[in-house]
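For ligands, and for the atoms within them, numbers begin at 1 and follow the listed sequence.
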Amino acid sequence: MNTLLFIILLFATFSSSSLIKRQDALSGFKPCNGNFPDEITIYSYSPNPLVEGQMATSRIAGKATVPIENGALYNLTGFYENQQAFQHVFDFCKIYVVPNSLTCPINGDYDFTINFPMDSTTNDPVNTSVEYDITTLISNPDGSVLSCIEGKATISYP
Ligand SMILES: *[C@@H]1O[C@H](CO)[C@@H](O)[C@H](O)[C@H]1NC(C)=O
Ligand SMILES: *[C@@H]1O[C@H](CO)[C@@H](O)[C@H](O)[C@H]1NC(C)=O
């Protein structure tokens with residue numbers, strides 16, 4: 001191999017891996033207590049904080065050691081001061097997999113990015129930001145929980 005190309009590749013590999021570590025691939029989230037077979041390796045969203053009523057981008061990557069089946073659920077629950085503030089249950093394959101031109105079941109490494117609207121509701125606060133405790137689960141149609149991470153996320157309400 002051309003030496004210069006080798007050095008460039010080495011540098012690119014080094015800088016991208018250290019960048020991911022520095023930026024925290026899970027955006028401050030961590031695995032839930034317990035045993036979940038499918039590790040989530042990247043979890044990020046933008047803008048950060050999220051803005052109610054605007055489009056947002058979400059990325060999730062991981063390792064489906066146990067395949068994610070058709071009909072699997074993506075269950076996101078938000079808590080504020082230990083009270084459940086919202087819960088969104090989506091069809092994981094429809095929301096994440098199909099927009100990335102793939103189909104379930106998902107086996108092994110996956111990496112999905114989607115755009116979605118942050119729908120506002122009439123109950124939303126106005127002109128403030130709220131930090132929620134978020135739990136995100138992926139479960140198969142048989143009810144088994146494959147992945148679980150939790151952490152804090154802030155939503156800004158214009
Ligand atoms: C979603 O997750 C919450 C806990 O985070 C749980 O109480 C609820 O039963 C789950 N819902 C579904 C449909 O899996
Ligand atoms: C929004 O909140 C800030 C700080 O709490 C306040 O100074 C400002 O006047 C508020 N703006 C509106 C339009 O209510």
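- Within the 4.0 Å cut-off (strictly below), a protein heavy atom is located near atom 2 (O) of ligand 2.
- In plain terms, the two heavy atoms of M118 and V51 that are nearest each other are CB-O, 3.5 Å.
- Distance screen at 4.0 Å: atom 11 (N) of ligand 2 has a protein heavy-atom neighbour inside the cut-off.
- Atom numbering of ligand 1 starts at 1 in the shown order; those under 4.0 Å from a heavy atom of L137 are 2 (O).
- Taking both residues in full, the closest heavy atoms of C93 and D91 are given as N-OD1, 3.1 Å, listed atom of the first, atom of the second, then distance.
- Note: Y96 and F90 fail the aromatic proximity criterion, with ring centroids not under 6.0 Å apart.
- In this structure, atom 7 (O) of ligand 1 lies nearest to the protein heavy atom Q87 OE1, 4.8 Å.
- With salt bridges taken as basic N to acidic carboxylate O contacts below 4.0 Å, none links D38 and K63.
- Considering every non-hydrogen atom in both A72 and N140, the closest pair reads CB-OD1, 3.8 Å.
- Atom numbering of ligand 1 starts at 1 in the shown order; those under 4.0 Å from a heavy atom of N75 are 1 (C), 2 (O), 3 (C), 8 (C), 10 (C), 11 (N), 12 (C), 14 (O).
- An N or O contact shorter than 3.5 Å is missing between T135 and ligand 1 by distance.
- Atom 9 (O) of ligand 2 has N127 ND2, 4.7 Å as its closest protein atom, hydrogens excluded (heavy atom only).
- Distance screen at 4.0 Å: atom 5 (O) of ligand 2 has no protein heavy-atom neighbour inside the cut-off.
- Checking side-chain atoms of D142 against main-chain N and O of S144 turns up a donor-acceptor pair under 3.5 Å.
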